[in-house]
Amino acid sequence: MSETTERSMHFIEQIIDEDLKSGKHQTIVTRFPPEPNGYLHIGHAKSICLNFGLAKQFGGKTNLRFDDTNPVKEDVSYVNSILADVKWLGFEWDSEPLYTSDYFETLYGFAVKLIKKGLAYVDDQSAEVIATQKGTPTEPGVNSPYRDRSIEENLELFSQMREGKFAEGSRILRAKIDMGHSNMHMRDPFLYRIKFATHHRTGDAWCIYPMYDFAHGQSDSLEEITHSLCTLEFEVHRPLYNWLIEHLEIYPSRQIEFARLNLNYTIMSKRKLLKLVEDNVVDGWDDPRMPTISGLRRRGYTPESIVNFCDRVGIAKRNNVIDVSLLEFSVREHLNKIAPRVMGVLHPVKLVINNYPEGKTEMLPTINNPEDESMGSREIPFGREIWIEESDFMKESPGKKYFRLAPGTTVRLKSAYIVTCTGFEENEKGEVTTVFCDYFENSKSGSDVSGIKSKGVIHWVECENAVDGEVRLYDRLFNDEAPDGQKDKDFMEFLNPDSLQVLTHCKLEPSLANATVGQGFQFQRLGYFSVDSKLSTPGKPVFNRTVTLKDGWKKG
RNA sequence: UGUCCUAUGGUGUAAUGGCAACACACCUGGUUUUGGUCCAGGCAUUCAAGGUUCGAGUCCUUGUAGGACAACCA
């Protein structure tokens, strides 16, 4: 019997394992290469866990490299959020963060080398004209009339491109490969384009910028990345990736593709997430409903739960859609172990105990976490008037399987006494305003000698010492399983109008007044909640519901 | 009418030619001062058809289905 239940290796682990065993590599180097044009989301978390996890597992290192070759879309604010998110997830990159923009001079040299080998040329045509010559996936393209310029002329033209002698879009550097290639990416792909834009790091030093295909793989090589992991859509780029390595005669990094993460009821496109932010559909990139790492953090997810989720999701090459319930399971699993149990009433209704002495308050001990004895206990006030959940009382009991309060029924007040409902008051609208009960003095939690059995247990908060609080309940942002998967409908049409519910008159137990940002609690019988980092003020916490408790209540 | 990738329960991932496993979801039942947790059980003969083999989810062939690829984006 082995004490470690070995998980079998996924295909990338197997490749690395073989490379190490065969001696191809002594150690591995991976990288996480985000473009700083948006916030990281749960899909990126999968890639982060993969790359950093592999290095940790096989004893290698991981570079964090910003793929910043498109100055018009990128920004330092994104750089900072990405840095914070990776750190928060618990990963450490090797030395300092790296930037593709730091390689611009080297990359320029690579382009010159290609020109000198007769493998790149400057094309004077417009994007539109080039597009018509490109052919289609089923038809070959035709050569550009500028394809056979002399090496000297190409060198001169490319140099002038760098000097800013030409207008944007008027000229472009292309690799000379094969316009008839069955792979579109091999039909003389673009290497360098002219762009008079200020770059967030290099400022106005450059007016030409390398394309992804002439930057990403080359950066991998320069950093001697052994295994360059990317998502499936780059599969068709691999022949070009390898062609450039071969002809540039640089370090042969190996690109391996895996399937990206998809979650149902959510969108993962940075462009679409940006639209939600720009249209103020959400509170920002870190809105608790966003699938961004910062959104999940604000919602109350723990890094551990996200890492576990990514682990459970697996690595393979087939397209997949993960059920959000798996993500929810992962947070519940972690929070169940670490979150202190507290009581809070979201929709308060007053309950008066007829036979409890007026003006009396007693402190009752209650356990902080039944899953973890070391978390100890605390005392909560109890008195004649308490708040209970509106949904825990019904004017008439619906039947045998109803364990809550109704006239004549008996329930245990969690950590306190057993009470029997004697009656209630309602207003002219038929809404219950007060519930009346008798309590059994000898049924006190921990020293119950009443002999009364009560199937139902409800949570409560004593009125006099209750803290008024705001609680925000979140639901899925979209009502459709695949909001961006419909042909004729825009994803915005599937927005869930009830994705946010703000409750401003909640009654919380006194200890919650001092709750601080980042703390996660289980509001008993309701779910897990955490203090909002943006809306809370000292002494006045605003709580976000991270996730409800699993509801196993079957009616009937 | 091209090239490449993929096909195992409702979902995702295993099984590396030898009794289809694990997790989530769902359904039963038990425990419980949270209708939570926990515990026990249930839920697929692997896209199709041929072939190789003592033996095929796995190898071969041919289909079928899904996905990717024609931004001066990454």
Side-chain angles (χ1 to χ4, degrees), chain A residues 5 7-10 14 33-35 37 67-70 72-74 123 126-127 130-132 134-141 168-174 181-187 190-195 208-209 211-213 215-216 230-239 257 259 264 270-271 309 311-330 332-333 336-337 341 343 366-367 370-371 401-404 411-416 418 443 445-446 448 454-459 522-528 548-555:
Chain A
T5 46
R7 175 176 61 84
S8 54
M9 290 193 285
H10 58 66
Q14 288 179 32
E35 183 190 8
N37 68 342
D67 220 341
D68 55 350
T69 58
N70 185 6
V72 303
K73 287 186 179 172
E74 296 154 8
D123 197 328
S126 68
I130 293 175
T132 62
K134 201 125 197 178
T136 69
T138 53
E139 297 164 280
E168 259 187 47
S170 66
R171 281 186 169 80
I172 191 158
L173 184 73
R174 303 175 70 180
H181 200 108
S182 58
N183 183 332
M184 297 289 291
H185 295 275
M186 297 295 271
R187 321 242 261 228
F190 302 159
L191 266 26
Y192 260 95
R193 80 282 213 186
I194 299 168
K195 218 168 252 246
I208 56 171
Y209 292 92
M211 301 290 292
Y212 167 84
D213 285 308
H216 194 102
C230 61
T231 45
L232 252 30
E233 65 269 30
F234 292 101
E235 214 153 24
V236 282
H237 291 247
R238 181 154 32 93
E257 311 85 16
N264 59 10
K270 274 199 268 186
R271 203 199 90 237
F309 168 74
D311 197 49
R312 264 186 266 259
V313 146
I315 300 294
K317 293 192 76 164
R318 89 180 84 131
N319 296 316
N320 61 78
V321 182
I322 308 293
D323 205 303
V324 280
S325 67
L326 185 62
L327 218 208
E328 296 178 343
F329 168 80
S330 297
R332 287 196 191 103
E333 181 192 42
N336 177 50
K337 288 185 199 137
R341 270 56 171 175
M343 290 202 277
T366 186
I367 210 96
E371 302 298 310
K401 297 226 168 157
Y402 181 73
F403 304 149
R404 306 177 190 183
V411 299
R412 155 81 62 187
L413 295 173
K414 174 73 185 173
S415 297
I418 291 175
S443 68
S445 192
D448 183 0
S454 161
K455 183 85 176 163
V457 179
I458 65 171
H459 60 281
Q522 186 197 96
F523 285 13
Q524 278 184 118
R525 302 209 304 135
L526 298 175
Y528 295 98
T548 60
L549 246 31
K550 191 174 157 185
D551 188 3
W553 185 27
K554 282 125 209 138
K555 292 165 195 163

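Because the structure is predicted, anything quoted here is derived from the model rather than measured. Letters go in sequence order (proteins before strands), and every chain restarts at 1.
Looking only at side-chain heavy atoms (C-beta outward), A:N70 and A:K195 come within less than 4.5 Å of each other. A 4.5 Å side-chain heavy-atom check between A:V457 and A:Q524 finds every atom pair outside the cut-off. With contacts defined as side-chain heavy-atom distances shorter than 4.5 Å, the pair A:Y528/A:N336 qualifies. With contacts defined as side-chain heavy-atom distances shorter than 4.5 Å, the pair A:L326/A:F309 qualifies.
Distance noted for atom C1' between B:G66 and B:U8: 15 Å (whole Å). Nucleotides B:U52 and B:C60 have their P atoms positioned 15 Å apart, rounded to a whole Å. The same atom, C1', is picked in B:A74 and in B:C19; the two are 48 Å apart, to the nearest Å. Comparing the same atom, C1', in B:U32 and in B:A23 gives a spacing of 25 Å after rounding to whole Å. Straight-line distance between the C1' atoms of B:U13 and B:G51: roughly 30 Å, to the nearest whole Å. Using C1' as the reference atom, B:C54 and B:C39 are 43 Å apart when rounded to the nearest Å. Distance check on atom C1': B:G2 versus B:A70 gives 12 Å, rounded to whole Å. With both ends at atom C1', the span from B:A44 to B:C5 equals 25 Å, rounded to whole Å.
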Between protein and nucleotides 69-74 of chain B, map the contacts as a letter string: B base, S sugar-phosphate only, - none, heavy atoms under 4.0 Å, written 5' to 3'. SB-BSB

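Partners of A:R238 under the salt bridge (charged side-chain N to carboxylate O under 4.0 Å, His left out) rule, at least two apart in sequence or in another chain, are A:E257. By the salt bridge (charged side-chain N to carboxylate O under 4.0 Å, His left out) test, A:D448 pairs with A:R412, sequence neighbours left out. Remark: A:K270 pairs with A:N37 by the side chain to side chain donor-acceptor pair (under 3.5 Å) rule, at least two apart or across chains. Remark: A:E168 pairs with no residue by the salt bridge (charged side-chain N to carboxylate O under 4.0 Å, His left out) rule, at least two apart or across chains. Among residues two or more places apart in sequence or in another chain, the side chain to side chain donor-acceptor pair (under 3.5 Å) test is passed with A:E139 by A:T136. Residues meeting the side-chain contact (heavy atoms from CB on, under 4.5 Å) test with A:P370, sequence neighbours left out: A:R341, A:I367. Every residue meeting the side chain to side chain donor-acceptor pair (under 3.5 Å) condition with A:T366, not counting sequence neighbours, appears here in chain and number order: A:S415.
One donor-acceptor pair, N or O on each side, does fall under 3.5 Å between the base of B:U16 and the side chain of A:Q14. Looking at A:S445, its side chain comes within 3.5 Å of the base of B:U33 through a donor and an acceptor atom.
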Can you give me the dot-bracket string for RNA chain B, 5' to 3', counting Watson-Crick and G-U wobble pairs with both distances under 3.5 Å, using [ ] for crossing pairs and | for partners on another strand? .((((((..((((....[..)))).(((((.......)))))....(((((..]....))))))))))).....

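No engagement by A:G527 is indicated, since no non-hydrogen atom pair under 4.0 Å with the nucleic acid exists. When heavy atoms are screened at a 4.0 angstrom cut-off, A:E257 is found touching no nucleic acid atom at all. Among the atoms of the strands shown, base atoms are found under 4.0 Å from some heavy atom of A:R341. Among the atoms of the strands shown, only primed sugar atoms or phosphate atoms (P, OP1, OP2) are found under 4.0 Å from some heavy atom of A:F329. Using a 4.0 Å heavy-atom cutoff across all strands shown, A:M186 reaches no nucleic acid atom at all. Across all strands shown, A:R332 has no heavy atoms under 4.0 Å from either base or sugar-phosphate atoms. Using a 4.0 Å heavy-atom criterion, one finds that A:D551 contacts the sugar-phosphate atoms exclusively.
Going from atom CZ of A:R271 over to atom NZ of A:K73 covers 9.0 Å, rounded to the nearest 0.5 Å.
Note on ring orientation: taking the six-membered ring where Trp is involved, the planes of A:Y212 and A:H237 are perpendicular (angle over 60°, cut-offs 30° and 60°).
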Sequence neighbours left out, cut at 3.5 Å: what donor-acceptor pairs do the side chains of residues 313-320 of chain A make with other protein atoms?
| residue | atom | partner | partner atom | Å |
| --- | --- | --- | --- | --- |
| A:K317 | NZ | A:E235 | OE2 | 3.0 |
| A:N320 | ND2 | A:R260 | O | 3.4 |
| A:N320 | ND2 | A:R318 | O | 3.4 |

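Across the protein-nucleic acid pair, A:R412 atom CZ and B:G35 atom C1' stand 17 Å apart, rounded to whole Å. Summarising the geometry, the separation between CD on A:E139 and P on B:U3 is reported as 14 Å, rounded to the nearest angstrom. Computed from coordinates, the A:R7 CZ to B:U16 P distance equals 16 Å when rounded to whole Å. Rounded to an integer number of Å, the gap from A:R404 CZ to B:U33 P is 18 Å. Here B:U34 presents its P atom at 12 Å from CE of A:M343, a figure rounded to the nearest Å. Note: CZ (A:F403) to P (B:U34) measures 12 Å, nearest angstrom. Rounded to an integer number of Å, the gap from CD of A:E235 to P of B:G2 is 19 Å. Protein atom CD of A:Q524 is 9 Å distant from nucleotide atom P of B:G35, rounded to whole Å.
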Find every protein N or O atom lying less than 3.5 Å from an N or O atom of nucleotides 10-13 of chain B, and list the pairs.
| residue | atom | partner | partner atom | Å |
| --- | --- | --- | --- | --- |
| B:U11 | O3' | A:V321 | O | 3.3 |
| B:U11 | O2' | A:V321 | O | 3.0 |
| B:G12 | OP1 | A:V321 | N | 3.3 |
| B:G12 | O2' | A:V313 | O | 2.8 |
| B:U13 | OP2 | A:R318 | NH1 | 3.1 |

Table of protein N/O atoms under 3.5 Å from nucleotides 38-47 of chain B N/O atoms:
none

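In this structure, A:N264 contributes its side chain and A:V324 its backbone to a donor-acceptor pair below 3.5 Å. Although no hydrogens or angles enter the test, the distance criterion places no donor-acceptor pair under 3.5 Å between the side chain of A:R312 and the main chain of A:L327.
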